[in-house]
Amino acid sequence: MQLGVVENLSYFAPEILLTVVIAAVILVDLTKPPPGSRLVSRLAATGLAATLFMLILSYAELELKQRTRVFLFADTFVVDPFGLFFKTVGCVCAFLVALFAGNVRRIEAHGEGEFYALLLTTTLGIFLMAGATDLVGLVVAIETLSIPSYVLAGFYKKDRASSEASLKYVLFGATASGAMLFGLSYFYGLAGTTSFAGIAQRMGSIDALTAGIMLGLVLVGFGFKISAAPFHMWTPDVYEGAPTAVTAYLSTASKAGGFAVLIRFFYNVLARPENPGDPMGPWIPIGDPGWTQFVAVLSVLTMTIGNLAAYRQTNVKRLLAYSSIAHAGYILLGFIVLTGAGLMAMLFYVAVYVFMNLGAFLTVIAVSEAGGGEELSDFRGLGWRAPFLGVAMGAFLFSLTGLPPLSGFVGKVYLFAALIDQGWVWLAVIAALNSAVSLYYYVRVVKTMWLEGIPRNDADVIPFRVGSYNGFLLAVCLVPTILFGIYWAPLERLAKYSVGANVTQPAPKAGAKPVH
Amino acid sequence: MNHILSLMTFVPLLGAAIIIALPRQKHELVKSVAACAAGIPLFLSYFIWKGFDRTTAAMQFVERFDWIPMFHIQYSMGIDGISVTMVMLTALISFICIFASWNIEKGVKGYFALFLLLETGMMGVFCAMDFFLFYVFWEVMLLPMYFLIGIWGGPRKEYAAIKFFMYTLVGSVLMLVVMLVFYFNVTDPATHEHTFDLLVLRNQDANSGSLLVNSVRFLCFIGLFVGFAIKVPMFPFHTWLPDAHVEAPTAISVILAGILLKMGTYGMFRIAFPLLPDIANDCAWWIGLFGLINIVYGALCAMAQDDLKKLVAYSSISHMGYCLLGMGAMTTAGFNGAMLQMFNHGTITSMLFLLVGVIYERVHHRWISRFGGLATMVPVYTGFVTFAFFASLGLPGLSGFISEAMCFIGAWQNGTPAYLKLTILATSGILLGAAFHLWALQRMFLGEKNKIYTEQYHHVTEINGREIFCLVPLVIVILWVGVYPGPLLDMMNVSLSDLQAFMAHYKYNH
C-alpha cells in the first residue's frame with residue numbers, strides 16, 4: 001500500500017521518537033547534570049516507555065484501519081505485526097536494561113550519556129532490522145545495531161576483560177558482516193534488485209549450488225548475530241567481559257533482532273506460504289538448496305555445544321552465555337519446519353526467553369551491586385540470605401531448563417510440537433534430551449545458592465540486601481516468567497497474530513511475473 | 001462437592017502460599033497451617049470414599065474446562081477405580097508426614113511450603129485426565145522434591161538430589177515427545193480437533209489408521225514405559241532410589257516410597273497400557289520378567305545391606321516388582337493385585353521408613369550390625385517394627401499378603417508357559433523377603449546388647465506420642481486391608497476389569 005510522505009511518517013513514529021530521545025539524551029548529558037541525579041537514565045527509560053506506547057499505537061492503527069501491513073519508503077521498510085512484535089520485544093528489553101543500568105554505579109562513573117545514547121541507538125537498529133525488506137536497509141539496520149554494541153561491550157574502558165570483549169566482538173563482527181555482505185552481493189548480482197520481493201521472484205532460477213553458497217555466507221552474518229554454532233565463539237568472552245547490563249541486552253534484544261531478520265529474510269526470499277492466504281499453514285521453499293536440513297544441523301550443533309560447554313563454567317555470566325547459545329539452538333528448531341506454527345513457536349519462545357534471561361542477568365547485576373561477585377562461589381548460600389533473590393533466580397533458571405509451570409516449558413512445548421507436527425521426531429528427541437541435560441548446569445547455580453552454606457538456624461542468617469529497586473525489577477521479570485507458564489493464551493494469540501498477518505511479500509507489481 | 005478434586009489438589013498450594021507469607025520465627029504457626037492444609041484433603045477424601053460409585057468404570061467427580069483452547073489443552077480432573085485409592089493414599093500419607101516432620105529445625109517455612117507444593121503435584125498427577133495437565137503436575141513435583149532432599153537430607157544429599165532429578169527428567173522429556181506425537185496423530189471424533197484428553201487418546205477406534213505404524217507405536221511405548229519405569233523404579237533404572245531414599249529426611253523418604261513410586265505404575269495403568277494396548281500385550285512377558293528381576297534382585301540387595309534405611313529402600317524395589325509381575329499378567333486378578341500392592345506398599349513402607357526415622361533420631365546411625373538386644377529396652381518400638389516387618393514380608397492377616405497373593409494368582413492365570421515360569425521363579429521372592437526381614441529383626445532387636453557400641457544405648461528411648469500418632473493410622477489400615485480387603489477392592493475392581501477387557505480385546509485384534 002503506497003502512502004503519502006506525511007502519512008508514511010505516522011507509521012514511522014516509534015523510530016522517530018526513539019531518534020529524538022537519542023538526541024535528547026546526548027544534549028541533556030552535555031549540560032552536565034549533577035552526579036547522582038540519574039537524569040539521563042531516567043530520560044532514556046521514559047523515552048523507551050513512550051516508544052513502547054507508540055508501538056502499541058501502531059498496533060492499534062493497523063488494527064483500526066484493518067491493514068495487515070504498510071510499506072514505507074518505496075517498499076524498503078514494512079510496518080506489520082511481525083515487525084512490531086520484535087520491535088516491542090526489543091523495546092521492552094531496552095527499557096528493562098535501562099532500568100537495570102540506572103542502578104549500576106560503575107556505568108554512571110563511565111558516563112551515563114554515552115551509555116544510554118549507544119543503548120538507544122542499538123534499539124533503533126533492532127527496530128530497523130525488524131522492518132527491513134530491502135538488502136541495503138537490512139545491512140544498514142544490522143550495522144546500526146552492531147557498531148554501538150561493540151562500543152558498549154568495551155564500555156568499562158580501563159577494564160581488561162571489557163576491552164578484550166570489545167575487540168573480540170569487533171573482529172568477529174567485522175568478519176561476519178563481511179561474509180554476509182559478500183553473500184548479499186550475490187543476491188543483488190543475480191537478482192538485479194535489492195528488494196526481498198524482487199529477489200524472491202528470481203530465486204527459482206538460481207541453481208542450487210550458487211544459492212547454497214550465497215545462503216551459507218548470509219547465514220554466517222545472521223548466525224553471528226544469534227550466536228549459533230559454529231559462529232558462537234565470540235559469545236562467552238564478550239558476554240563475560242562486557243558490563244552485565246550490556247550482556248543482558250546482547251543476549252536478549254540483540255538476539256531477538258537477529259531472529260527477526262533471519263525469519264524475515266528467509267521467509268520472504270527463500271520460502272512462501274503454500275497457500276498464499278494462509279501463512280499459518282505450511283510453507284514451501286523457493287529454489288530449494290536444502291537449507292532446512294542445513295539449519296537443522298546448525299541447530300543441533302548449537303544447542304549441544306552450548307549445553308556441553310556450560311557444564312564446567314564457574315563464572316555465572318559465562319555459564320549464562322553458553323546457555324544463551326543453547327537457546328539460540330532451540331529457537332532455530334521452529335525455523336526449519338517451514339510452517340506458520342514453527343514461526344509462531346519461535347516468536348513465543350523469543351518473548352518468554354527475554355524475560356527469563358533478563359531476569360537471570362539482572363540477578364547477577366543485583367548480586368554484584370550489593371557487594372557480591374559474578375563467580376559461582378559468590379552465590380554460595382545466597383538463597384538463604386536473600387530469599388526473594390534466590391527464589392527468583394531459581395524460577396529463571398528452571399524456566400530456562402524448561403520445567404513447568406514456567407514459561408520456558410511452554411515455549412519448548414510449542415517448538416517441539418511444531419517439529420513433531422512436521423515429522424521431525426528425531427530432532428525433537430535430541431532437543432528434549434538436550435534440555436534434560438541442561439538441567440545439570442542450571443541446577444548447579446541453584447544448588448550453590450540453596451544447597452550450600454545452609455545456616456544452622458534462622459538466627460545465623462546474615463541478610464544480603466539487594467535493595468527494593470532491584471527487587472522490584474526482579475519481580476517485573478518474574479511475573480511474566482511464571483504467568484506465561486500458567487496461562488499463556490494471550491501471548492499465543494499475539495504470536496499467532498504476528499505470524500498470521502504477515503511475513504508475506506508485497507503484492508507483485510503490475511507487469512512483474514512471479515518466477516518459481 | 002463439584003470441585004472436590006480441585007480442592008484436594010490446590011488447598012495444599014494455598015497453604016504453601018499462606019506459609020510463605022508468615023513470619024519466619026513462628027515455627028509452630030507454620031506447622032499448624034501445614035497440618036490444616038494437609039488435613040483438608042484427608043477430610044475431603046472421606047467424601048470420596050462415601051460418594052465414589054463402585055459400580056462403574058467411568059470417571060467420577062469430573063471437572064472440565066478449557067485451559068488453552070488453541071492448543072486444545074483442558075483442565076480436566078476426574079478419578080476412577082485406578083486413581084481413587086491413590087488419591088486417598090496421598091491424602092493420608094501427606095497428612096502423616098506433616099507430623100513426622102514436626103521436629104524440622106532449619107528453614108521451617110521453606111520445608112513446609114515445599115512439602116505442600118509437593119502434595120499438590122502428587123494429587124494432581126492422580127487426578128489429571130488430560131495428558132498435558134498430567135505432565136505439568138508430574139514435573140511440578142520434581143522441583144520441591146529436589147530441594148527437600150537437597151537441603152534437608154543427609155551427608156550425600158546433593159548427589160542424591162541431582163541424581164533423582166536428572167533420572168526423572170530424562171524419563172519425562174521422552175514422555176513429552178510421545179505426548180506430542182499422540183497429540184498430532186489423534187483427533188477427537190466429537191470435535192475433529194487434536195486433543196490431549198486421555199479418554200479420547202485411549203479410544204483406539206478413533207485413532208486407527210493414524211498412528212498405526214507398528215514401529216512408531218513400539219517406540220512410543222518404550223518412551224512412555226521408560227519414563228514410568230524410572231519412577232517405579234524398575235531394574236536397571238533403579239539406581240537413583242537407594243541414594244535418594246537414604247539421603248532424604250524421614251518424611252520425604254516416606255513420600256518417595258509411599259507415593260512417588262506409585263506414580264510409575266499408575267502411569268502405566270493410566271497411560272502406557274490404554275494408549276498402546278497392542279504393544280503392551282506384546283511386551284507383557286518382558287514386563288513380567290523385569291518384575292521378576294526387581295523382586296529377586298531387590299530382595300538380594302536388601303539382604304546385603306547393613307544400613308537399615310537402605311534395606312528398606314531395596315525392599316521397595318522388590319515389592320514394586322510384584323506390581324510389575326501382576327501388571328504383565330494382563331489378567332483381572334493380576335491388575336487388582338498390582339493396584340492393591342501399590343496401596344499396601346504405600347502404607348507398609350511408609351511405616352517402615354517412619355520407624356527407621358525413629359531410631360535414627362535417637363542414635364544418629366542406622367547400622368544394623370551395631371545394634372542388638374533392643375527389644376528389652378524399647379518393647380513398644382520393637383512391637384511396631386515387628387508388625388511392619390511382618391506386614392512387609394507378607395504374613396497372612398496383614399495387607400501385604402493379600403496383594404502379593406493376588407499378584408501371584410493373577411500371574412498364574414495368565415496361563416502361558418513362559419509366564420508361568422516367571423511366576424514360579426518369582427515365588428522365591430517371598431522366601432528371600434522373609435529372610436532379610438527376619439534376619440534384620442534378629443540382629444537388631446533380639447539377642448545380647450552390642451558389646452562394642454554401648455554408648456548408643458544411653459540415647460535409646462521409647463517411641464513417643466507423636467511418633468505413635470503417625471504410625472497408628474497405618475497400623476489400622478494394614479490390619480483392616482489384611483483382614484477385610486473387600487471394600488478397597490470393590491473400589492478398584494470395576495475399572496480394572498474394564499481395563500483388562502480392553503487390553504484383552506487388543507491382544508487378539510491387532
Side-chain angles (χ1 to χ4, degrees), chain A residues 344 383-384 387 390-391 394-395 398 401-406 409-410 412-423 425-440 443-444 446-448 450-452 454-461 485-489 492-493 495-496, chain B residues 20 23-25 27 66-71 73 105-110 113 121 124 132-133 135-143 146-147 149-153 157-159 161-162 165-185 194 216 219-220 223:
Chain A
M344 195 215 88
W384 298 92
V391 170
F398 285 128
T401 316
L403 291 181
L406 299 163
F409 164 71
V410 182
K412 278 194 179 140
V413 167
Y414 276 101
L415 287 170
F416 295 169
L419 281 178
I420 289 168
D421 191 23
Q422 293 301 305
V425 178
W426 65 270
L427 196 53
V429 171
I430 292 181
L433 288 176
N434 245 299
S435 69
V437 165
S438 74
L439 170 75
Y440 190 79
V443 98
R444 262 179 67 210
V446 178
K447 186 191 86 172
T448 316
W450 286 103
L451 269 57
E452 291 175 12
I454 303 172
R456 261 172 222 290
N457 57 53
D458 292 346
D460 283 354
V461 179
I486 295 168
Y487 189 71
W488 60 90
E492 185 193 21
R493 213 167 295 137
K496 207 167 194 169
Chain B
I20 288 170
R24 190 180 291 181
Q25 285 75 24
H27 287 186
D66 285 344
W67 179 15
I68 304 293
M70 271 187 272
F71 211 27
I73 301 171
E105 287 297 330
K106 67 181 177 192
V108 175
K109 254 175 78 170
F132 196 92
L133 188 66
Y135 187 83
V136 168
F137 280 123
W138 178 275
E139 296 267 274
V140 160
M141 208 178 53
L142 293 183
L143 284 178
Y146 171 75
F147 289 106
I149 298 174
I151 295 174
W152 288 274
K157 58 193 181 178
E158 287 164 20
Y159 171 76
I162 189 68
F165 208 159
M166 289 298 296
Y167 257 86
T168 322
L169 192 65
V170 169
S172 54
V173 293
L174 293 177
M175 187 164 53
L176 175 67
V177 173
V178 176
M179 176 174 96
L180 291 170
V181 168
F182 265 97
Y183 173 76
F184 283 110
N185 285 288
H194 294 314
V216 175
L219 287 176
C220 284

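Although no hydrogens or angles enter the test, the distance criterion places no donor-acceptor pair under 3.5 Å between the side chain of K412(A) and the main chain of A432(A). A donor-acceptor pair under 3.5 Å links the side-chain atoms of W384(A) to the main chain of W450(A), judged by distance alone.
Among R24(B), M70(B), K106(B), the residue with the largest count of heavy-atom pairs under 4.5 Å with chain A is M70(B). Between chain A and the options W138(B), W152(B), F147(B), the largest number of non-hydrogen pairs under 4.5 Å is found for F147(B). Among D421(A), L403(A), L406(A), the residue making the largest number of heavy-atom pairs under 4.5 Å with chain B is D421(A).
In this structure, chain B has no heavy atom under 4.5 Å from any part of R444(A). Heavy atoms of L143(B) lying under 4.5 Å from chain A belong exclusively to its side chain. For chain A, no part of K109(B) is nearby; none of its heavy atoms comes within less than 4.5 Å. In this structure, chain B has heavy atoms under 4.5 Å from both the backbone and the side chain of V413(A). Looking at L176(B), the atoms closer than 4.5 Å to chain A (heavy atoms on both sides) all sit in the side chain, from C-beta outward. The contact between W67(B) and chain A is made by backbone and side chain atoms together, counting heavy-atom distances below 4.5 Å. In this structure, the portion of F398(A) lying under 4.5 Å from any heavy atom of chain B is its side chain and not its backbone. Y183(B) does not touch chain A: none of its heavy atoms, backbone or side chain, sits under 4.5 Å away. For a residue to count as touching a neighbouring chain, one of its non-hydrogen atoms must lie under 4.5 Å from one of that chain's; by this rule P387(A) touches chain B with the side chain only. With a 4.5 angstrom heavy-atom cutoff, L451(A) touches chain B via backbone and side-chain atoms both.
In this structure, L433(A) and V429(A) have side chains that are in contact, with non-hydrogen atoms separated by less than 4.5 Å. Using a 4.5 Å heavy-atom cutoff, the side chains of L169(B) and E139(B) are in contact. Side-chain contact between F165(B) and I149(B): absent, with no pair of heavy atoms (C-beta onward) separated by less than 4.5 Å.
With sequence neighbours excluded, the residues forming a side-chain hydrogen bond (donor to acceptor under 3.5 Å, both in side chains) with Y414(A) are W488(A), E492(A), listed by chain and number. Residues passing the ring pair (Phe, Tyr, Trp, His ring centres under 6.0 Å) test with F409(A) are F132(B), Y135(B), sequence neighbours excluded.
Shown here is F184(B), whose CZ atom has more than 12 heavy atoms of other residues, nucleotides or ligands within 6.0 Å.
Rounded to the nearest 0.5 Å, atoms CD1 (I151(B)) and CD (E452(A)) are 11.5 Å apart.
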